Asker: 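Supplied in C-alpha cells, the structure appears directly below.
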Amino acid sequence: MHLRDLVAARVVEALTRAQADQSLPTVPVPAGLVERPQNTDHGDFASSAPLKLARTMRMSPMAIAEKLAEFIDTDGEISAVDVAAPGFINFTLAPEWLQEQVDQVLSAGNAFGSTEAGKGQKIQVEYVSVNPTGPLHIGHARGAVLGSVLSSVLAAAGYEVSREYYLNDAGNQIDLFHQSLFATYLQALGKDAEVPDNGYRGQYMVDLGKEMAEAHGSKFLDMLSDEGVVALGKIGVEHMIEGIKNDLATLNVEFDVWFSETSLYTDKYYDTTMKMLADGGHLTQREGATWFVSTELGEDKDNVLIKSTGVPTYFASDAAYHYNKFTVRGFDKVTNIWGADHMGHIGRVKAVVGALGIDRDKLNIIIGQMVALKRGGETVKVSKRTGDIITLKELLEEVGPDACRYFFLARSADAQMDFDMDLAIKESQDNPVYYLQYAHARLAGILRNAKENDKDFAQGDVHLLSTPEELTLIRHLLMLPEIVDSIVDTMEPHHLPHYTLELATAFHSFYDRCRVITDDEALTSARLKLVEASRIGFSRCLSLMGMNAPEKM
RNA sequence: GUCCCAGUAGCUCAGUGGAUAGAGCGGCUGCCUUCUAAGCAGAUGGUCGCGGGUUCGAAUCCCGCCUGGGGCACCA
C-alpha cells in the first residue's frame with residue numbers, strides 16, 4: 001500500500017469512528033478522499049471529504065472538517081492535521097518519519113518503487129506488431145516506447161507481464177511483398193520486371209533485391225516461377241524481421257513472445273473460433289462472404305470474416321488471436337497498443353471478444369495518436385508503399401535512443417504530436433533527458449568521491465537530515481510507488497517522465513544547498529545515506545523508462 | 001455525412017471536479033578558489049478555442065459551435 005492509500009485509510013477509519021460515536025451522521029462514503037495538493041502550503045496530502053459530504057450530511061463543510069479532524073490521530077507518518085476553509089483537511093508528514101524512510105529505501109534497494117497492485121495477475125502487452133514488409137518508421141517508435149515502458153511499470157506493480165509482437169506473416173501484404181521483391185531481384189539481375197501496382201517500392205526494396213541477387217545469383221530464376229517468388233520472399237521477410245529486431249534493440253525495446261499469425265491457422269485456433277462464433281449465432285452468409293453480425297452487438301456495421309474468395313480477412317485472424325490470448329493462454333488482462341489508423345477496429349474486436357464469451361473489459365486498447373514528422377518547417381508525408389519515409393534507424397542515428405524515448409514518452413498517447421527533427425536534434429544538446437541523467441551522474445559522483453575517501457555511512461543517523469532541501473528530496477522520492485500505481489491505474493506512462501523531472505529538480509536544489517562530504521562526519525554519513533537512496537530512485541525511474549543511467553557525464 | 005482524439009504561457013506539453021492553473025525550452029536578472037554550471041536562485045509571461053448549462057466549486061462534467069488530425073473496404 002502506498003502513502004496516499006495509507007492516509008486515505010486513516011480518513012475512512014476516522015470517519016467510521018466518528019459515525020459510530022454519533023459525532024457525524026452515517027452516510028455513504030464517497031471515493032477519492034485524499035489527494036496531493038498542488039500548493040505545498042496545504043501540506044503533503046489534503047482531503048476534500050467534508051466538502052463532498054456536506055450535502056448528504058446536511059452540515060456545513062467546516063463543521064464536518066472540524067469534527068472529522070478530531071478523530072484523526074497525529075502519530076506515525078502524520079504530524080499535523082489542519083482544517084482550512086472552505087472545508088479541507090490538510091495533512092503534514094512527520095519529519096522524523098520522513099527521515100526514517102531513507103533507511104527504508106536503502107533496505108528496499110532496487111525493489112524501491114515496486115508495489116503489489118497487480119500481484120497474481122497475468123497481463124499481456126502487445127505492441128508494435130508492424131508487418132514485416134518494410135523498415136520501422138518514426139510513427140512505430142511511439143507505440144514501441146509506450147509499450148515497453150508500460151510493460152516495465154506493470155511489472156514493477158507486481159503483474160506477471162508478457163510483451164508480445166504479433167507478426168503478420170501471411171496474407172495479401174506478404175504476397176505483395178514477395179512479388180515486389182522478386183521484381184527488384186530480377187531488376188538487379190538485369191532483367192525486365194515491374195513492381196506490382198500496389199507493391200512495395202521504396203529504396204530499401206531495391207537494395208534488398210540487389211543483396212539477394214549478390215548472395216543467391218539466379219538461383220530463384222531456375223525454379224518454377226511461383227516457387228521462386230515464395231522461396232525468395234521468405235528469405236526477404238526474414239531479412240525484414242531481423243532489421244526490425246535490430247532497430248527495436250537500438251531503441252531498447254524488447255519482447256518475450258513473437259507470435260506468428262500463421263500459427264493461428266496451423267494450430268486450428270482459427271477453426272475453433274469460427275465454430276464458436278457460428279454456434280453462438282454470430283455468423284451469416286451474404287453475397288458469397290461470411291459475416292460477423294456485429295450490428296446485433298451494437299456496432300455500426302457487420303464485418304466480413306471470410307471473403308467470397310474463401311480467404312479469411314485480417315479481422316478473422318484477429319478474432320482467433322484474441323481467443324488464443326484469453327481462452328488458450330489465460331491472460332487476466334490484455335492491452336493492445338495500436339496506431340491511430342486502427343481506431344476503427346476497436347469496436348469490432350471488442351464485440352468479437354464478447355461474442356467469444358470473454359469479458360470485453362479485460363481487453364484494453366490504447367491508441368497511440370499520429371506522429372507528424374516535421375523537417376525544416378515542412379510536414380513530411382509518411383508512406384511505406386511509396387518508400388517516402390524517415391526510418392526509425394535514421395531517427396536514432398540523429399537523435400539518439402534516450403532522447404527519442406523521452407520525446408515520445410512525455411506526451412500522453414492520445415495527443416497527436418509533431419516530431420520536429422530539427423528541434424529534437426537541437427534539444428538533444430540541451431534537453432530534459434540530460435537534466436535527469438545529470439542528476440544520476442552527480443549522485444554517482446558523490447558516492448565515488450565518498451568511496452575514494454573511505455567514507456563508511458552504514459551507521460549514519462538519518463535524523464540529521466533536517467534542511468528544507470533534504471526533506472523536500474525525501475518527500476519526492478517517496479512518491480514513486482504512488483506514481484507506479486497511478487500509471488497502472490490509468491495506463492498512462494507519461495506521468496513517469498514528469499515525475500522524474502520533479503525529482504531531479506528536488507535533487508539539484510539539494511545538491512546546490514547541501515554539501516554532502518564535509519568535515520562533519522555525522523552529517524556526511526547521514527547525507528550519504530540520502531544520496532544513495534536518491535541514486536536508487538533515479539536508477540529505478542530511468543530503468544523503468546528504458547533510459548541509460550550514466551555514472552559520469 | 002458520421003464516430004473518435006486534440007485545442008492551456010512565444011514554442012513543446014503536463015494538469016481531467018477542489019484552494020493562487022504548472023514544467024521544460026527560448027528571452028530577462030543574479031550565482032562557479034568548494035562532491036560535475038549539462039547546475040542553482042529570481043523576475044517576466046495565460047480571455048485554459050468560443051458560447052451556454054450543471055455544481056458550494058469547472059481547464060476538468062453536459063449541450064452547441066469553430067479549428068486541426070484520424071476512423072468509417074470482401075486492405076492490413
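It should be emphasised that the depicted structure is a prediction, and the values quoted were computed from it without experimental measurement. Order of the sequence lines sets the chain letters (A, B, ...), proteins ahead of strands, with each chain counted from 1.
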Asker: So A:N90, base contact, sugar-phosphate only, or nothing? Heavy-atom distance under 4.0 Å.
Answerer: base
Asker: Run through RNA chain B and report every stem of 3 or more consecutive Watson-Crick or G-U pairs, distances under 3.5 Å, ordered by first number.
Answerer: B:1-7 with B:66-72, B:10-13 with B:22-25, B:28-31 with B:39-42, B:49-53 with B:61-65
Asker: Please measure how far the P atom in B:C48 lies from the corresponding atom in B:C11, and state the result in whole Å.
Answerer: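 One P to the other, the span is 16 Å.
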Asker: Does the side-chain ring of A:H42 sit on the six-membered ring of the B:A19 base, less than 5.5 Å centre to centre and under 30° in tilt?
Answerer: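 Per 5.5 Å and 30° rule: yes, stacked.
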Asker: Measure the distance from OH on A:Y511 to C1' on B:C40 and round it to the nearest whole Å.
Answerer: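 From A:Y511 OH to B:C40 C1': 11 Å.
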Asker: When rounded to the nearest Å, what value does the distance between P atoms of B:U8 and B:G15 take?
Answerer: 14 Å
Asker: Would you kindly give the CG-to-P distance between A:D454 and B:C35, to the nearest whole Å?
Answerer: 19 Å
Asker: Quiz question: by atom type and distance under 3.5 Å, do the side chains of A:T335 and A:Y127 form a donor-acceptor pair?
Answerer: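 The answer is no; no qualifying pair exists.
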Asker: Which value, in whole Å, describes the distance between the C1' atoms of nucleotides B:G26 and B:A43?
Answerer: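 One C1' to the other, the span is 16 Å.
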Asker: Looking only at the side chains, is there a donor atom on one of A:D402 and A:Q437 sitting less than 3.5 Å from an acceptor on the other?
Answerer: yes
Asker: Taking the cut-offs as 6.0 angstrom to the six-membered ring centre and 45 degrees off its axis, would you call A:R348 and A:F315 a cation-pi pair?
Answerer: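 Cation-pi check for A:R348 and A:F315: passes.
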Asker: Enumerate all atom pairs, one protein N or O and one N or O from nucleotides 71-74 of chain B, separated by less than 3.5 Å.
Answerer:
{"unit_1": "B:G71", "atom_1": "O2'", "unit_2": "A:G344", "atom_2": "N", "d": "3.1"}
{"unit_1": "B:C74", "atom_1": "O2", "unit_2": "A:S308", "atom_2": "N", "d": "2.5"}
{"unit_1": "B:C74", "atom_1": "O2", "unit_2": "A:S308", "atom_2": "OG", "d": "2.9"}
{"unit_1": "B:C74", "atom_1": "N3", "unit_2": "A:S308", "atom_2": "OG", "d": "3.1"}
{"unit_1": "B:C74", "atom_1": "N4", "unit_2": "A:E287", "atom_2": "O", "d": "2.6"}
{"unit_1": "B:C74", "atom_1": "N4", "unit_2": "A:E287", "atom_2": "OE1", "d": "3.4"}

Asker: Could you work out which one of B:C56, B:A14, B:G39 sits closest to the side chain of A:D512?
Answerer: B:G39
Asker: Could you tell me how the ring of A:H345 sits relative to the ring of A:Y314: parallel (under 30°), tilted (30 to 60°) or perpendicular (over 60°)?
Answerer: perpendicular
Asker: Within the pair A:R442 and B:A37, is there a side-chain N or O less than 4.0 Å away from OP1 or OP2?
Answerer: yes
Asker: Which residues satisfy the side chain to side chain donor-acceptor pair (under 3.5 Å) test with A:R360, sequence neighbours excluded?
Answerer: none
Asker: Please report, rounded to the nearest Å, how far the P atom of B:C13 is from the CZ atom of A:R411.
Answerer: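 These atoms are roughly 5 Å apart.
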Asker: Using OP1 and OP2 only, check whether a side-chain N or O of A:S509 sits under 4.0 Å from B:A41.
Answerer: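 Looking at the OP1 and OP2 atoms of B:A41, one of them is under 4.0 Å from a side-chain N or O of A:S509.
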Asker: Table please: side-chain donor-acceptor pairs of residues 82-90 of chain A below 3.5 Å, with sequence neighbours left out.
Answerer:
none

Asker: Looking only at atom P, what distance separates B:C66 and B:C56, rounded to whole Å?
Answerer: 32 Å
Asker: In terms of the angle between their ring planes, are A:W258 and A:Y165 parallel, tilted or perpendicular, with boundaries placed at 30° and 60°?
Answerer: parallel
Asker: In terms of the angle between their ring planes, are A:Y166 and A:Y321 parallel, tilted or perpendicular, with boundaries placed at 30° and 60°?
Answerer: parallel
Asker: Return the value, rounded to whole Å, for the distance between atom CG of A:L496 and atom P of B:G24.
Answerer: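 In whole Å, B:G24 P lies 18 Å from A:L496 CG.
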Asker: When you compare the ring of A:Y435 with the six-membered ring of B:A38's base, are the centres less than 5.5 Å apart and the planes under 30° from each other?
Answerer: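 No, A:Y435 does not stack on the base of B:A38, since the centre distance and plane angle fail the 5.5 Å and 30° test.
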Asker: Rounded to whole Å, how long is the line connecting atom CG of A:L501 with atom P of B:A14?
Answerer: 14 Å
Asker: Of all the nucleotides listed (B:A76, B:G18, B:G15), which has the minimum atom distance to the side chain of A:Q173?
Answerer: B:A76
Asker: Got a salt bridge between A:E521 and A:K455, using NZ or NE/NH1/NH2 to carboxylate O under 4.0 Å?
Answerer: yes
Asker: On RNA chain B, nearest-nucleotide positions of A:S48 versus A:R515: which is more 5'?
Answerer: A:S48
Asker: Do any side-chain nitrogens or oxygens of A:H494 fall under 4.0 Å of OP1 or OP2 in B:G15?
Answerer: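 Yes, such a contact exists.
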Asker: Would you please confirm or rule out a distance under 4.0 Å between OP1 or OP2 of B:A19 and any side-chain N or O of A:Q38?
Answerer: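 Yes, because at least one side-chain N or O of A:Q38 sits under 4.0 Å from OP1 or OP2 of B:A19.
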Asker: Report the distance from atom CG of A:D414 to atom C1' of B:G69, rounded to the nearest whole Å.
Answerer: 13 Å
Asker: Under 4.0 Å between a side-chain N/O of A:S412 and OP1 or OP2 of B:A14, yes or no?
Answerer: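 The answer is yes; a side-chain N or O of A:S412 sits under 4.0 Å from OP1 or OP2.
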Asker: How is A:A46 classified with respect to the nucleic acid when contacts are heavy atoms under 4.0 Å: base, sugar-phosphate, or nothing?
Answerer: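 If one applies the 4.0 Å heavy-atom cut-off, A:A46 turns out to touch a base.
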Asker: Please give the distance between the C1' atoms of B:G49 and B:A9 as a whole number of Å.
Answerer: 15 Å
Asker: How would you label the contact of A:A441 with the nucleic acid (heavy atoms, under 4.0 Å): base, sugar-phosphate, or nothing?
Answerer: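 If one applies the 4.0 Å heavy-atom cut-off, A:A441 turns out to touch a base.
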Asker: On RNA chain B, compare the nucleotides closest to A:I446 and A:T505; which residue's is nearer the 5' end?
Answerer: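 In this pair, the answer is A:I446.
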Asker: Considering residues at least two apart in sequence or located in another chain, which fulfil the side-chain contact (heavy atoms from CB on, under 4.5 Å) criterion with A:A278?
Answerer: A:L283
Asker: If anything within 90° of 0 is syn and all else is anti, what is B:C11?
Answerer: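 Judged by the O4'-C1' to base torsion, B:C11 sits in anti, the angle falling more than 90° away from 0.
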Asker: Counting only pairs under 3.5 Å, give me each side-chain donor-acceptor contact of residues 510-519 of chain A, with atom names and distances, residues two or more places apart or in other chains.
Answerer:
{"unit_1": "A:R515", "atom_1": "NE", "unit_2": "A:I517", "atom_2": "O", "d": "3.1"}
{"unit_1": "A:T518", "atom_1": "OG1", "unit_2": "A:D520", "atom_2": "N", "d": "3.2"}
{"unit_1": "A:T518", "atom_1": "OG1", "unit_2": "A:T524", "atom_2": "OG1", "d": "3.4"}

Asker: Give a yes or no on whether a donor-acceptor pair under 3.5 Å exists between the nucleobase atoms of B:G68, that is its base, and the side chain of A:Q416.
Answerer: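 Checked by distance alone, the answer is yes.
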